[in-house]
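Okay, structure first, notes after.
Numbering starts at 1 and runs along the sequence shown. Treat the numbers as computed from the prediction; the structure is a model and nothing was measured.
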Amino acid sequence: MTVSLTQVEHDNGAVELRIVVPGAHWLPEVAAHLAQAYPRSGEPAARIEVAPRRVFAGGAEVSLARLEFDLLLFLCRNAGRVCDRHALLRHVWHTTDRRGARTIDVHIRKLRTKIGVLGAAITTVRGVGYRFDGAGLVHIDHPASPSWTGSATTRQTPG
């Protein structure tokens, strides 16, 4: 099997990765090629900043809707595990109503389009759900502590 990777550096500093993979399945070889694209910096192909809800892929910020961000974060936090539709509805959509299961497919399709080459790391497990197979390609920034200061106060009313 031949997997080709082309890295195109733009004048604005953005890096575009073009991958040609025969077939429609995510392969470990693709992950290896992506990792080779970032040898100097040691940076992962994508970064998720949890507190500000920002996603960067290939050095550029990716604009995601609220549910797309939550879906990507959930899949990345559970990388390598199959997330069935029921679990996605419960943890991302916060519902147990199984009638909305097909909306997941629509959100996955939109998410794959927006995150570019990383979209190939979201594997469809037919009849079950989805699995993120790109754990080494994404870094999740967790805040050490809240960035705001102050404490909650209660107001007492005379009575």
(request) State, yes or no, whether a side-chain contact exists between Thr96 and Leu89 at a heavy-atom distance under 4.5 Å. (result) no
(request) Side-chain contact test, heavy atoms from C-beta onward, threshold under 4.5 Å: evaluate it for Phe132 versus Val138 and give yes or no. (result) yes
(message) Could you work out, with salt bridge (Lys or Arg N to Asp or Glu O under 4.0 Å) as the rule, every residue matching Arg112, not counting sequence neighbours?
(response) none
(request) Check whether any side-chain heavy atom of Leu67 sits under 4.5 Å from a side-chain heavy atom of Trp93, and report yes or no. (result) yes
(request) Might you work through the salt bridge (charged side-chain N to carboxylate O under 4.0 Å, His left out) test for Glu68 and Lys110, ending with a clear yes or no? (result) CA-CA 8 Å; Glu68 292 166 346; Lys110 289 180 180 179; 5.5 Å; no
(message) Between Leu88 and Leu75, is there a side-chain heavy-atom distance shorter than 4.5 Å?
(response) yes
(message) Has Thr124 got a side-chain atom pairing as donor or acceptor with Arg126's backbone, closer than 3.5 angstrom?
(response) no
(request) Return the minimal non-hydrogen interatomic distance between Gly80 and Asp133, and the atom names on each side. (result) CA-OD1, 4.4 Å
(request) Can you see which heavy atom on Ala135 is nearest to which on Ala79, and at what distance? (result) CB-CB, 3.6 Å
(request) For residues Ala57 and Ile115, report the shortest heavy-atom separation together with the two atoms involved. (result) CB-O, 4.4 Å
(request) Say whether Val50 and Leu64 are linked into one hydrophobic cluster, either directly or through other cluster members, by side-chain heavy-atom distances under 4.5 angstrom. (result) yes
(request) Take the angle between the ring planes of His91 and Phe74 and call it parallel below 30°, perpendicular above 60°, tilted in between. (result) parallel
(request) Using salt bridge (Lys or Arg N to Asp or Glu O under 4.0 Å) as the criterion, list what pairs up with Asp141, not counting sequence neighbours. (result) Arg47
(request) Find the distance between SG (Cys76) and CG (Leu137) and round it off to the nearest 0.5 Å. (result) 9.5 Å
(message) Using the side-chain contact (heavy atoms from CB on, under 4.5 Å) criterion, which residues pair with Arg53? Sequence neighbours excluded.
(response) Arg66, Phe69, Asp70
(message) Rounded at 0.5 Å granularity, tell me how far CD in Glu49 sits from CG in Leu73.
(response) 12.0 Å
(message) I need the Leu71 CG to Leu111 CG distance, nearest 0.5 Å.
(response) 5.5 Å
(message) Within this structure, what is the CZ-CZ distance for the pair Arg90 and Arg85, rounded to the nearest 0.5 Å?
(response) 15.0 Å
(message) A side-chain contact here means heavy atoms from C-beta on lying under 4.5 Å apart; do Arg131 and Arg81 qualify?
(response) no
(message) Tell me which one of Thr123, Asn78, Asp105 satisfies side chain to side chain donor-acceptor pair (under 3.5 Å) with Tyr130.
(response) Asp105
(request) Consider only side-chain heavy atoms of I, L, V, M, F, W and Y, link residues closer than 4.5 Å, and tell whether Ile140 and Leu72 are in one cluster. (result) yes
